[in-house]
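One structure below.
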Amino acid sequence: VPQIFWTADETGKVDYYNQNWYKFTGLDETTSLGDGWQLIIHPDDLQDTINTWTLAVKTGEPYQVQSRYLRHADKTYRWHLGRAQCLRDENGKIIKWFGTSTDIHDQKSLEESLKMQAEVIENMDEGVCIVDQQGYIIYVNQAQERIFGYEHGELVGKQVTVLNAGAEYQTLDNVRYIMEEVMQKNFWAGEWNNIKKDGTCFTTYSYITFLKLEQKELFVCVQRDITEEKKFRETILKQNEELIKINNDLDNFIYTASHDLKAPVSNIEGLMLDMMSSVDERTKASEDFNMITNLMFQSVERFKNTIRDLTDISKAQKGVTEDNMQISVADMVEEVKQLIATDIKNSNAEIIVDLSGCQYITFSLKNFRSIVYNLLINAIKYRSPERKPVIQLSTFLEDQYCVLQITDNGLGMQPGYENKIFQMFKRMHSHVDGSGVGLYIVKRMLDNAGGKIEVKSVENQGTTFKIHFKTERIDIN
């Protein structure tokens, strides 16, 4: 006998076990007989097992209970089905119980697994539909019924084409095509046009697989409603197209404006120079004349700077750059220092340079010059009148970036202003001349090249910029 076999007397005391019991439990005969079986029942199952057995002994009704037995070999509990029937004498009095205990652990585990899977499928947000080879629906979960607007059980037995939008012959052909595709490739995935019970059309994204179960060929479809998602995506695409058009129009305007204004400004500047050369020395020496002409030349220079800024902004917006090349950071810093030598001298600024951490980067030469120039000239412009300006430049490697760090002891910024300085035409200090586009262009250059810029500042103490260039380190040795 493969299972455990046992007998008990009329009072319910076990008086015999076959060898399977002793092999499974590891108990000896003395311990096992009587109520010894209680020693190997799982604590959570023990009371229910005792109650069921007690009731059966009292009433003579057949005994049946599921409980976990402790297996001696590996000290694990396994589910068993316990059954017993009584034997009565000619007067109907119980004289013996005959019982079996069958290991059902694998079956129980499978049942629990299937139950869990069924609960998962029933509580999914995605609709699940199972169709046989003739196209008849044999199962749908709650989400499928909710998505399509049907009552519970209403879809089972219907042709799957009832869920598809379009003429009946078209949907039938589509279903046949998809079934053939699934049988060849084992799956199909894509958008599907559907119709609800009330006639509302909508779109789902469907994933269909092929399943062979007990000689039955089944198609399992998992789908989710993407109608709103698709509308949102289409809206975003339309808005992107509109934004691209607006940006192109703005770029064209900036290009046209800057191009068309260059000639008149140059003409004005030329006329002013002609005027300066044509006046006599007495007029040239006039204080009023010099003041007016200086103001005129300053206005022309600001106009030229504005045109130049517009051109730079347009290039930065489009991501227009020259080819990247290997650049010596030290050589570029020295070049920029020469460009702003007068500003350095007039401000009495001290510039401390340590570029040993990352000596070379690969970047656009023109853009790198612009970045270093903007940050150095800003450090001088926004110096504190209370102390000598000290500017420190250093480089180091951080993750996949070569970082150029520029620290000053200038005016600094109020808390919360750090990110605002990268906005177009944004200026934190109005007492210093500037257009407010320099840092905006710096950030766009870095963004377009896969880099980034960070800033930390304390008001009246100074500011630190960390410029991350996404590049490989070049070993000059």
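This one's a predicted model, so the numbers in the text were calculated from it and none came from an experiment. Throughout, numbering of the chain's residues begins at 1 and tracks the sequence.
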Legend entry - Derivation and outcome, side-chain contact (heavy atoms from CB on, under 4.5 Å), residues Leu393 and Leu376: CA-CA 9 Å; Leu393 287 85; Leu376 274 182; 3.8 Å; yes

Inset, instruction - Say whether Thr235 and Gln239, considering side chains only, have a donor N or O and an acceptor N or O under 3.5 Å apart. - result: no

Inset, instruction - For atom CZ of Phe232, decide whether the heavy atoms of other residues, nucleotides or ligands shown that lie under 6.0 angstrom number more than 12. - result: no

Legend entry - Sub-2.5 Å SG contact, Cys129 and Cys221: no

Legend entry - Intermediate values then yes/no, ring pair (Phe, Tyr, Trp, His ring centres under 6.0 Å), Phe210 and Phe219: CA-CA 5 Å; Phe210 181 67; Phe219 298 87; 5.5 Å; yes

Legend entry - Pairwise side-chain contact, Asp331 with Glu335, heavy-atom cut-off 4.5 Å (strictly under): no

Legend entry - Heavy-atom donor-acceptor pair, Gln414 side chain to Glu459 backbone, under 3.5 Å: no

Legend entry - Check: Thr227 main-chain N/O paired with Thr203 side-chain donor or acceptor under 3.5 Å: no

Inset, instruction - To the nearest 0.5 angstrom, please state how far the CG atom of Asp173 sits from the CG atom of Asn164. - result: 11.5 Å

Legend entry - Closest non-hydrogen atom pair, Asp132 against Leu218: CA-CD2, 4.0 Å

Legend entry - Arg78, CZ: over 12 other non-hydrogen atoms inside 6.0 angstrom: yes

Legend entry - Trp188 and Trp192 aromatic ring geometry - parallel, tilted or perpendicular at 30°/60° bounds: perpendicular

Legend entry - Derivation and outcome, side-chain contact (heavy atoms from CB on, under 4.5 Å), residues Ser370 and Lys366: CA-CA 6 Å; Ser370 177; Lys366 181 179 178 182; 5.8 Å; no

Inset, instruction - Would you give the length of the straight line joining atom CD of Glu61 to atom CD of Gln85, rounded to the nearest 0.5 angstrom? - result: 9.5 Å

Legend entry - Atom NZ of Lys456 with >12 non-hydrogen neighbours under 6.0 angstrom: no

Inset, instruction - Ignoring hydrogens and angles, tell me if any N or O in the side chain of Asn20 forms a donor-acceptor pair with the backbone of Gln3 under 3.5 Å. - result: yes

Inset, instruction - Identify the residue among Gln405, Gln400, Glu398, Lys452 that makes a side chain to side chain donor-acceptor pair (under 3.5 Å) with His468. - result: Glu398

Legend entry - Val14 and Thr7, any side-chain heavy atoms less than 4.5 Å apart: no

Inset, instruction - Could you check Leu375, Val403, Val455 and say which one makes a side-chain contact (heavy atoms from CB on, under 4.5 Å) with Ile467? - result: Leu375

Legend entry - For Met445 against Asn367, the heavy-atom pair lying closest together: CE-OD1, 3.5 Å

Legend entry - Identified side chain to side chain donor-acceptor pair (under 3.5 Å) counterpart of Arg68 within the set Asp45, Thr49, Thr76: Asp45

Inset, instruction - Decide if atom OH of Tyr139 counts as having more than 12 heavy atoms of other residues, nucleotides or ligands within a radius under 6.0 Å. - result: yes

Legend entry - Heavy-atom side-chain proximity of Leu163 to Leu155 below 4.5 angstrom: yes

Inset, instruction - Verify, without hydrogens or angle tests, whether Trp97 (side chain) and Val57 (backbone) share a donor-acceptor contact under 3.5 angstrom. - result: no

Inset, instruction - Give me the ring orientation class for Phe24 and His80: parallel if the planes are under 30° apart, tilted from 30 to 60°, perpendicular past 60°. - result: perpendicular

Inset, instruction - Scan Trp79, Tyr77, Tyr69 and name whichever one has a ring pair (Phe, Tyr, Trp, His ring centres under 6.0 Å) with His42. - result: Tyr77

Inset, instruction - Please report the closest heavy-atom contact between Thr395 and Cys358, naming both atoms and the distance. - result: OG1-N, 2.9 Å

Legend entry - Gap separating the OG atom of Ser364 from the CE atom of Met325, nearest 0.5 angstrom: 9.5 Å

Legend entry - Approximate separation, where rounding is to 0.5 Å, of Asn193 CG and Thr204 OG1: 8.0 Å

Inset, instruction - Report, as yes or no, whether the 6.0 Å neighbourhood of atom CD on Glu151 holds more than 12 heavy atoms from other residues, nucleotides or ligands. - result: no

Inset, instruction - Please round to the nearest 0.5 Å and tell me the distance separating atom CG of Asn51 and atom CG of Leu46. - result: 9.0 Å

Legend entry - Any side-chain donor near an acceptor of the partner, Gln107 and Glu111, under 3.5 Å: yes

Legend entry - Derivation and outcome, side-chain contact (heavy atoms from CB on, under 4.5 Å), residues Glu122 and Asn141: CA-CA 5 Å; Glu122 278 300 313; Asn141 69 346; 3.7 Å; yes

Legend entry - Side-chain heavy atoms of Ile421 within contact of Phe465, under 4.5 Å: yes

Inset, instruction - Give, for atom OG of Ser67 and atom CD of Gln47, the distance between the pair rounded to the nearest 0.5 Å. - result: 12.5 Å

Inset, instruction - Please examine the side chains of Leu87 and Phe98, heavy atoms only from C-beta on, and report whether any two atoms are closer than 4.5 Å. - result: yes

Inset, instruction - Taking only Lys NZ, Arg NE, NH1 and NH2, and the carboxylate oxygens of Asp or Glu, determine whether Arg233 and Glu229 approach each other closer than 4.0 Å. - result: yes

Inset, instruction - Identify the heavy atoms of Gln64 and Thr52 that sit nearest to each other, and give their distance. - result: O-CG2, 3.7 Å

Inset, instruction - Quick one: closest heavy-atom pair of Cys86 and Gly60, and the distance? - result: SG-O, 3.5 Å

Legend entry - Minimum heavy-atom distance Ser32-Leu27, with the two atoms named: OG-CB, 3.3 Å

Inset, instruction - Using a 4.5 Å cut-off on heavy atoms from C-beta on, say whether the side chain of Phe148 contacts that of Phe202. - result: yes

Inset, instruction - Decide if atom NZ of Lys197 counts as having more than 12 heavy atoms of other residues, nucleotides or ligands within a radius under 6.0 Å. - result: yes

Inset, instruction - Using a 4.5 Å cut-off on heavy atoms from C-beta on, say whether the side chain of Ile50 contacts that of Trp37. - result: yes

Legend entry - Heavy-atom side-chain proximity of Gln223 to Tyr207 below 4.5 angstrom: no

Inset, instruction - Go through the steps to decide whether Thr25 and Leu70 satisfy the test side-chain contact (heavy atoms from CB on, under 4.5 Å), and finish with yes or no. - result: CA-CA 7 Å; Thr25 65; Leu70 180 63; over 6 Å; no

